[in-house]
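If you're wondering where the values come from, they're calculated on a predicted model, not measured in any experiment.
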Amino acid sequence: MSENVIVAATGNEHKLKEIREILKGYTVISAKEAGFFEEVEETGETFLANAFLKAQAVVKKTGRAALADDSGLTVDALGGAPGIYSARYSGGGSAENRELLLKNMTGVSDRSASFTCAVALVFPDGKKYSAIGKTFGSILEEERGQNGFGYDSLFFSDDLKKSFAEASDEEKNSVSHRGRALAQLLDVLKEEL
């Protein structure tokens with residue numbers, strides 16, 4: 001990476017902030033800053049397939065290295081739902097997604113869950129790299145904490161012994177699915193570049 005510039009293929013400001021904090025050695029710019037304003041349809045059947053769809057679309061349009069992630073919450077008692085549909089689980093926004101999750105978990109004793117993040121990095125010359133990170137925990141019976149986004153206030157981290165929304169950014173990034181996936185990707189890049 002000659003300029004150490006990576007386009008983050010996301011419109012989610014929270015994800016962009018996390019990616020920038022974790023990839024400190026690189027200049028991470030948003031898709032909009034790179035001139036990419038399209039919405040990439042996530043038609044893949046896995047987190048990794050969706051991440052590659054987004055990264056490849058951004059590389060094609062901008063001619064710059066692009067990093068995309070697809071991530072979601074997997075709840076054992078719900079057969080893996082919401083899974084790849086985490087962001088659009090309820091058809092509404094994050095608050096509606098959390099509300100539907102709590103409704104679907106009413107009376108359920110097995111509350112084990114995990115977050116998965118697949119990251120894909122694609123270069124204009126066609127080189128592709130990927131990594132998958134996971135973190136484990138359980139679904140709380142009510143929201144706790146003010147930080148984070150998405151399902152963070154309902155996810156009790158086994159590592160942190162508190163919800164992601166009760167954790168500082170540094171704490172969350174040290175054990176989160178996105179933090180772990182990006183750390184793996186950084187290790188791969190150090191070997192390759």
Side-chain angles (χ1 to χ4, degrees), residues 1-31 34 40 42 44-59 64-76 80 82-87 112-138 147-152 155-164 167-193:
M1 270 177 291
S2 53
E3 319 170 53
N4 278 359
V5 174
I6 298 173
V7 179
T10 183
N12 183 320
E13 288 299 318
H14 299 288
K15 279 187 184 183
L16 183 62
K17 181 178 181 240
E18 284 185 7
I19 291 167
R20 283 179 170 152
E21 287 172 359
I22 295 164
L23 297 182
K24 290 186 189 325
Y26 298 90
T27 301
V28 179
I29 64 173
S30 72
V40 180
E42 296 179 5
E45 294 184 13
T46 65
F47 293 118
L48 190 56
N50 284 330
F52 270 119
L53 283 171
K54 292 185 274 190
Q56 288 167 329
V58 171
V59 168
R64 297 184 115 153
L67 173 80
D69 91 308
D70 194 38
S71 54
L73 179 68
T74 301
V75 180
D76 296 346
I84 62 170
Y85 305 105
S86 292
S112 56
S114 61
F115 270 120
T116 300
C117 176
V119 291
L121 178 59
V122 179
F123 289 92
D125 66 5
K127 284 188 180 168
K128 300 176 187 176
Y129 303 94
S130 64
I132 295 177
K134 286 189 101 154
T135 191
F136 297 89
S138 57
N147 300 325
F149 62 100
Y151 296 96
D152 286 355
F155 185 78
F156 183 86
S157 166
D158 286 349
D159 292 301
L160 300 177
K161 305 300 181 211
K162 57 182 158 184
S163 81
F164 270 177
S168 69
D169 290 346
E170 294 78 21
E171 287 174 318
K172 180 186 171 190
N173 288 343
S174 73
V175 300
S176 77
H177 50 306
R178 188 167 295 107
R180 288 176 173 165
L182 289 170
Q184 284 180 44
L185 187 66
L186 279 175
D187 287 343
V188 170
L189 289 177
K190 284 175 193 165
E191 292 175 16
E192 293 289 330
L193 301 176

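Counting heavy atoms from C-beta outward, Leu121 and Val188 have side chains that stay 4.5 Å or more apart. Between Lys54 and Glu42, the closest side-chain pair of non-hydrogen atoms falls below 4.5 Å. Contact of the Ser130 side chain with the Phe52 side chain is registered, since non-hydrogen atoms from C-beta on lie closer than 4.5 Å. For the pair Val122 and Lys128, the minimum side-chain heavy-atom distance is below 4.5 Å. With a 4.5 Å cut-off on side-chain heavy atoms, Leu23 and Leu67 count as touching. At least one side-chain heavy atom of Asn173 sits less than 4.5 Å from a side-chain heavy atom of Glu18.
The main-chain N or O of Phe149 is found under 3.5 Å from a side-chain atom of Asp152 such that the two form a donor-acceptor pair. Although no hydrogens or angles enter the test, the distance criterion places no donor-acceptor pair under 3.5 Å between the side chain of Asn147 and the main chain of Ser168. Within the 3.5 Å criterion, the main-chain N or O of Ile132 finds a donor-acceptor partner in the side chain of Gln184. In terms of modelled atom types and a separation under 3.5 Å, the side chain of Thr135 and the main chain of Val175 share a donor-acceptor contact.
Smallest separation of non-hydrogen atoms from Gly179 and Ser176: N-OG, 2.9 Å. Of all the heavy atoms in Ala55 and Ala120, the pair that sits closest is CB-O, 3.8 Å. Residues Ala118 and Ala51 share a closest heavy-atom pair of O-CB, 3.6 Å. What you find for Ala9 and Ala31 is that their closest heavy atoms are CA-CB, 4.4 Å. Listed here is the closest heavy atom pair of Ala181 and Ala131: O-CB, 3.4 Å. Closest non-hydrogen pair, Ser30 versus Leu16, comes out as CB-CD2, 3.7 Å.
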#### Entry: Step-by-step side chain to side chain contact (heavy atoms under 4.5 Å, CB included) determination, Thr116 to Lys134
CA-CA 5 Å; Thr116 300; Lys134 286 189 101 154; 3.2 Å; yes
### Task
Please lay out, stage by stage, how Val59 and Phe123 fare under the test side chain to side chain contact (heavy atoms under 4.5 Å, CB included).
CA-CA 7 Å; Val59 168; Phe123 289 92; over 6 Å; no
### Message
Run Arg20 and Tyr26 through side chain to side chain contact (heavy atoms under 4.5 Å, CB included) and show every step you take.
### Response
CA-CA 8 Å; Arg20 283 179 170 152; Tyr26 298 90; over 6 Å; no
Output side-chain donor-acceptor pairs under 3.5 Å for residues 68-76, partner residues at least two apart or in another chain, one line each.
from: Asp69; atom 1: OD1; to: Lys15; atom 2: NZ; distance (Å): 3.2
from: Asp69; atom 1: OD2; to: Ser71; atom 2: OG; distance (Å): 3.4
from: Asp69; atom 1: OD2; to: Arg178; atom 2: NE; distance (Å): 3.0
from: Asp69; atom 1: OD2; to: Arg178; atom 2: NH2; distance (Å): 3.2
from: Asp70; atom 1: OD2; to: Asn50; atom 2: ND2; distance (Å): 3.1
from: Ser71; atom 1: OG; to: Arg178; atom 2: NH2; distance (Å): 2.9
from: Asp76; atom 1: OD2; to: Ser112; atom 2: OG; distance (Å): 2.7

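Interatomic distance, NZ of Lys24 versus CD1 of Ile19, reported as 13.5 Å (0.5 Å rounding). For the atom pair CG (Leu185) and SG (Cys117), the distance works out to 10.0 Å, reported to the nearest 0.5 Å.
Ring-plane geometry between Phe155 and Phe164 is classed as tilted, the angle between the planes lying from 30 to 60 degrees on a 0 to 90 degree scale.
Of the candidates Asn12, Val28, Asp169, Lys17 forms a side chain to side chain contact (heavy atoms under 4.5 Å, CB included) with just one, namely Asp169.
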